[in-house]
Amino acid sequence: MSSETKQDPVAQMEKIVSLCKRRGFIYQSSEIYGGCGGVWDYGPLGAELKRNLRDAWWRAMMRDREDILGLDAAILMNPAIWKASGHVDTFADMMRECTLTNKRVRADHVEPQGGTVMQFTGAKSPGGWHLNRTVTVLMKKGEHIESFRKRVRALLAQNAGDAAGKPDEIELLGEQKTEVLEGSIDFHPESGGLLGEARPFNLMLRTFLGPTATEADVTYLRPETAQAIFAQFKNVFDSSRVKVPFGIGQIGKAFRNEVTPKNFTFRSREFEQMELEFFIKPDEAVEIISGSVRAWSEGADLGAPQQDWGWEMWHRYWVDQRTKFYESIGLGDVLEYYWQNKDDLAHYAKACVDILCEFPFGTEELEGIAARGDFDLSQHQKHSGKSLEIFDEELKAAAAKLDDAQKEALVQKRLAAEQAKTKGDPLPEADVRAWFDRLFKGFYVPHVIEPSAGLDRMALAIIAKAFDEFEKADDKGRKETITVLRFHPRVAPVKCGVFPLLKNKPELVAKAREVYELLRPHMNCFYDETASIGRRYARQDEIGTPFGITIDFDTLGEKGPDLQDTVTLRERDSGAQQRVKIGDLLGKLLPLLR
RNA sequence: GCGGGUGUAGCUCAGUGGUAGAGCGCAACCUUGCCAAGGUUGAUGUCGCGCGUUCAAAUCGCGUCACCCGCUCCA
């Protein structure tokens, strides 16, 4: 977005949504049937854009490195996986809703409270707004009746939006005291409104696997792609001759029954993730092999991984790598970082960084990079009963050189760390010693760094960043709004437009088709011979095509042999034109698209 | 799920009970010419969907669906 287009975020998003539909980037799912909540379809250009992003990720993570392997796992899995991962529990809380404010609380998180139960048969305001249902609210102990009424009016006004008008003008109807309660868990802790029945809010999409549809056949569409990587970790390790540290990456669909899908494709119920699980040695193993673990300090060199890196350096390394990736697709200058503090973190997580991006509706998360220790693999080891330890030859050899005092020092260091933990219970000493026994023999469950990115969010970020709109006056001084998508050439859905200057001259058309056929095997091109040349440029600008090629009479040799077989190459953002020999086109364009 | 708002041509919108509209876009043709150019011609709608009120509904009522904004999720 350029500065001149910054304005009302809702209007800005509406323009983007409208352009996406009009030009075939993104459509509402099932539109002819009235749509389908929280689900979106990608049209021809959207499909190309997503493919380019997927390819860029796959290339940066797999092709350009030697230490990461790909996986393409099924969306359906054994439901036991979701018990082990914690999704069945954390995604299925019982929730209760406040009947006054409609705020939701976890049913098991309501503190008992006492007070006087007050009922109103309804409410109305001078503006014509009225509420026709009974509202039950707890007047807390010591709360003055007038300040209580004022509070109820304010809450009603807040919930009704603009329609109810000013809180002071709301008239509460049919006030009645019903009873005095102690230790009730049926009222919202803040508003005091009566809570509705407890209902399960299951964020996972349930389905049935197999021809019968009984409870025994229930499974889920995966809520994230990561768990398949953990579940297949041992297979990949055993079949690929890799050593820790190494990673497994995967791109695929995931599904969540979002309570509030919103912001266009940003929060959808069906979405695509690009996840990497990068497995590293536990810090203790690094210390045994290298003698010490390198500490992170500001400005440390993250260029090339080193043998003495512990989880912290690896975590920083991946934040750096992912930042470089976003820079390479043109999002470098709109990124922000949020380092989760200790209170935000799950008990098993050591650190987590959100990479945020500026959208018209706010700065929101594109990718999370978490250091998750050995939590996931250990959970699957426990639930499946299968060992997910790996054997590390180098570690075994290094450990064999330690004497008993050195080994005991490592154990003591870990025991002290366990005692110092602020979240979760410390691991019992016996378990710590058992873990070190395995470690000294060269066995451990790898730890993991997880960069997890949302593809649909990335596509939306790219579109929102590229969106530019400005006013331009034509010859008659009539103002027109011009829209340009300033995509990085690497991600642009169409790379090049090819145009004969005029379409009623068969020689021009034939030559243009020739150029089109020359480029087409190497890049997504678009041939257009209709309307004026200016309009054709403008159409391509609007879908973000970075280059345009025009075939004119000079190309045919009308002005002599010097210009024969040269074309006009036009660059989208500057509008600059240059004469290029047809034979030089590929050599000139291809490096700009990689 | 709850409240508020919106829904008319591909897009943006006008149309307050009496024959469905505009601008832009789109398509075709003309133009030796490079940034939404000019001219001519043309196509496009169960007025989100359903039920009701009425002689008559895009318009009024009820229901329903989707989207937007708020209730905080974290890809």
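Note on naming: letters A, B, ... go to the chains in the order of the sequence lines (proteins, then strands), and numbering restarts at 1 for each one. Bear in mind the structure is a predicted one, so any value in this text is a computation, not a measurement.
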Quick one: does NZ or CZ of [X] land under 6.0 Å from the six-membered ring centre of [Y], within 45 degrees of the ring axis?
X	Y	result
A:Arg570	A:Tyr537	yes
A:Arg322	A:Phe325	yes
A:Arg513	A:Tyr527	yes

Atom pairs under 3.5 Å: protein N/O with N/O of nucleotides 31-33 of chain B:
residue, atom, partner, partner atom, Å
B:U31, OP2, A:Asn504, ND2, 2.6
B:U32, O4, A:Glu558, OE2, 3.4

Pick out the pairs of N or O atoms, protein on one side and nucleotides 8-12 of chain B on the other, that lie under 3.5 Å.
residue, atom, partner, partner atom, Å
B:C11, OP1, A:Lys21, NZ, 2.4
B:C11, O3', A:Ser18, OG, 3.0
B:C11, O2', A:Ser18, OG, 3.4

How far, in whole Å, is [M] from [N] if one measures between their [atom1] atoms?
N	M	atom1	value
B:G21	B:C60	C1'	22 Å
B:G23	B:A43	P	15 Å
B:C65	B:A9	P	22 Å
B:U16	B:C73	P	44 Å
B:U59	B:G52	C1'	15 Å
B:U19	B:G61	C1'	26 Å

- Does any donor atom in the side chain of A:Glu367 or A:Tyr326 lie under 3.5 Å from an acceptor atom in the other side chain?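 Checked: A:Glu367/A:Tyr326 side chains pair up, N/O donor to acceptor below 3.5 Å.
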
Quick one: [X] [atom1] to [N] [atom2], roughly how many Å, whole number?
X	N	atom1	atom2	answer
A:Glu529	B:C29	CD	C1'	13 Å
A:Asp528	B:C34	CG	P	16 Å
A:Arg572	B:C35	CZ	P	19 Å

- Query: Where the side chain of A:Ser532 is concerned, which of B:A37, B:A75, B:C34 is the nearest nucleotide?
  - Reply: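 Given the options B:A37, B:A75, B:C34, the side chain of A:Ser532 is closest to B:A37.
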
- Query: Side chain of A:Arg267: nearest nucleotide among B:A75, B:C34, B:A27?
  - Reply: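 Looking only at side-chain atoms, A:Arg267 lies closest to B:A75.
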
Select base, sugar-phosphate, or nothing to describe what [X] touches, counting heavy atoms under 4.0 Å on all strands.
X	answer
A:Phe499	nothing
A:Thr568	base
A:Gly362	nothing
A:Tyr338	nothing
A:Glu224	nothing
A:Asn263	sugar-phosphate
A:Gly368	sugar-phosphate
A:Leu366	sugar-phosphate
A:Thr555	nothing
A:Gln273	sugar-phosphate

[Y] ring center within less than 6.0 Å of [X] ring center:
X	Y	result
A:Phe266	A:Phe264	no
A:Trp40	A:Tyr27	no
A:Tyr42	A:Phe25	no

Who pairs with [N] - Watson-Crick or G-U, where each distance is under 3.5 Å:
N	result
B:C71	B:G1
B:U19	none
B:U53	none
B:C26	B:G42

Do the side chains of [X] and [Y] get close enough for a salt bridge, i.e. N-O under 4.0 angstrom?
X	Y	value
A:Arg486	A:Asp541	no
A:Glu277	A:Arg372	no
A:Asp565	A:Lys581	no

- Query: Any donor-acceptor pair under 3.5 Å between the side chain of A:Gln28 and the base of B:C67?
  - Reply: no

- Return yes if the base of B:C35 and the side-chain atoms of A:Arg570 contain a donor-acceptor N/O pair under 3.5 Å, otherwise no.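 Side chain to base: pair found, below 3.5 Å.
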
- 5'-most by nearest nucleotide on RNA chain B - A:Gln340 or A:Thr530: A:Thr530

- Result for 5'-nearest mapping on RNA chain B, choosing between A:Lys503 and A:Ser268, is A:Lys503

- Message: So, does A:Arg539 get its side chain near the phosphate of B:C26, meaning an N or O under 4.0 Å from OP1 or OP2?
- Response: yes

- side-chain N/O A:Arg535 vs B:A37 OP1/OP2, d < 4.0 Å: yes

- Taking side-chain hydrogen bond (donor to acceptor under 3.5 Å, both in side chains) as the test, write out the residues that go with A:Ser452, two or more places apart.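 side-chain hydrogen bond (donor to acceptor under 3.5 Å, both in side chains) list for A:Ser452, sorted by chain: A:Glu275.
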
- For A:Phe271 and B:A75, are the ring centres under 5.5 Å apart with planes inclined under 30°? yes

- Message: If you count every heavy atom of other residues, nucleotides or ligands that lies below 6.0 Å from A:Arg579 atom CZ, does the total exceed 12?
- Response: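 Enclosed: over 12 neighbouring heavy atoms sit under 6.0 Å from CZ of A:Arg579.
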
